[in-house]
Amino acid sequence: MSDSYKTTGTAGAYGRPMTPRLDAISIITADLPASLAFYRRLGLAVPAGAESAPHVEAVLPGGQRVLWDTEDVIRSFDPGWERPAGGERLGLAFRCDGPEEVDALYAELTGAGHTGHLKPWDAVWGQRYAVVLDPDGCGVSLFAPATPATAPAASTGSPGEK
């Protein structure tokens with residue numbers, strides 16, 4: 001690997017090594033209460049009563065965070081910000097315990113009025129896979145190994161491993 005791809009050991013502004021760490025995933029939403037309710041259904045520990053706040057954070061089990069901001073909050077510090085159009089830039093994928101959970105969660109979310117994008121199917125890469133749209137139209141993948149015996153390696157690069 002050439003030195004141009006290395007990040008550890010690179011001197012920062014104060015001469016100390018820089019090692020950036022992914023700390024948070026940010027969701028900009030047009031409808032905060034609807035977005036929070038959707039992600040609660042997916043098991044994120046969103047604080048009670050957060051629907052009235054302009055900014056919300058939930059800590060994930062590994063310590064990273066998911067952040068929600070309203071479009072108005074983003075425009076407050078970036079007046080030229082516009083809602084993206086023409087496709088997604090980032091996808092979220094939720095690993096389920098098994099194929100049955102993918103099917104049940106897809107049914108629960110679509111039954112609650114969320115738009116199903118891709119109904120559950122057995123993907124060629126060895127996963128049960130489905131996609132539901134969140135309240136802002138972003139695809140959220142639901143996946144699980146199709147069967148324990150055919151579970152792919154942890155880092156296959158398949159779409160469910162985003």
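Quick caveat, the model's predicted, so the values are computed rather than measured.
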I need the minimum non-hydrogen distance between Ala146 and Pro99, along with the two atoms involved. O-CG, 2.9 Å

Gap separating the CG atom of Asp134 from the OG1 atom of Thr29, nearest 0.5 angstrom: 7.0 Å

Got Ile27 and Leu67 here, is their nearest side-chain heavy-atom distance under 4.5 Å? no

Nearest heavy atoms of Ala144 and Asp97, plus distance in Å: CB-C, 4.5 Å

Tell me the closest heavy-atom pair linking Ile74 and Asp69, and the distance in Å. CD1-CB, 3.9 Å

Drop me the distance from Leu42's CG to Glu108's CD, to the nearest 0.5 angstrom. 8.5 Å

Given the rule in the side chain to side chain contact (heavy atoms under 4.5 Å, CB included) test, do His117 and Val132 qualify, once you have shown the distances and angles that lead to the verdict? CA-CA 5 Å; His117 181 68; Val132 178; over 6 Å; no

Would you say the rings of Tyr129 and Trp125 are close, in the sense that their centroids are separated by under 6.0 Å? yes

Report the relative orientation of the aromatic rings in His114 and Phe38; use parallel for angles under 30°, tilted for 30 to 60°, perpendicular for over 60°. perpendicular

Please tell me if the side chains of Ile25 and Leu92 come closer than 4.5 Å, counting only heavy atoms from C-beta onward. yes

Side chains of Glu71 and Trp81, heavy atoms from C-beta outward: is any pair under 4.5 Å? yes

Just so I know, are the side chains of Val46 and Val56 near enough to count as touching, which here means a heavy-atom distance under 4.5 Å? yes

Any carboxylate oxygen within less than 4.0 angstrom of a Lys/Arg side-chain nitrogen, looking at Arg40 and Glu51? yes

State, yes or no, whether a side-chain contact exists between Leu60 and Arg65 at a heavy-atom distance under 4.5 Å. no

Hey, what do you get for OG1 (Thr70) to CD1 (Ile28), rounding to the nearest 0.5 Å? 9.5 Å

Heavy-atom pair of closest approach, residues Val131 and Ser141: CG2-OG, 3.9 Å

Test salt bridge (Lys or Arg N to Asp or Glu O under 4.0 Å) on Arg95 and Glu101; report intermediate values, then the result. CA-CA 10 Å; Arg95 183 181 183 114; Glu101 187 178 10; over 6 Å; no

List the atom of Ala58, the atom of Ala45, and the distance in Å for their closest heavy-atom pair. CB-O, 3.6 Å

Between Phe143 and Arg128, is any pair of side-chain heavy atoms under 4.5 Å apart? no

Hey, does the side chain of Ser35 reach the backbone of Asp31 with a donor-acceptor pair shorter than 3.5 angstrom? no

Kindly determine whether Leu133 and Cys138 satisfy side chain to side chain contact (heavy atoms under 4.5 Å, CB included), including the steps that lead there. CA-CA 5 Å; Leu133 301 182; Cys138 297; over 6 Å; no

Answer yes or no: is there a donor N or O on one side and an acceptor on the other, between the side chain of Asp136 and the main chain of Ala30, under 3.5 Å? yes

Write down the atom of Leu32, the atom of Ala53, and the distance for their closest heavy-atom approach. CD2-O, 2.7 Å

Report the C-alpha separation of Leu44 and Val66 in whole Å, then their side-chain angles, then the decisive distance to 0.1 Å, and conclude whether the side chain to side chain contact (heavy atoms under 4.5 Å, CB included) test is met. CA-CA 9 Å; Leu44 296 187; Val66 177; 4.2 Å; yes

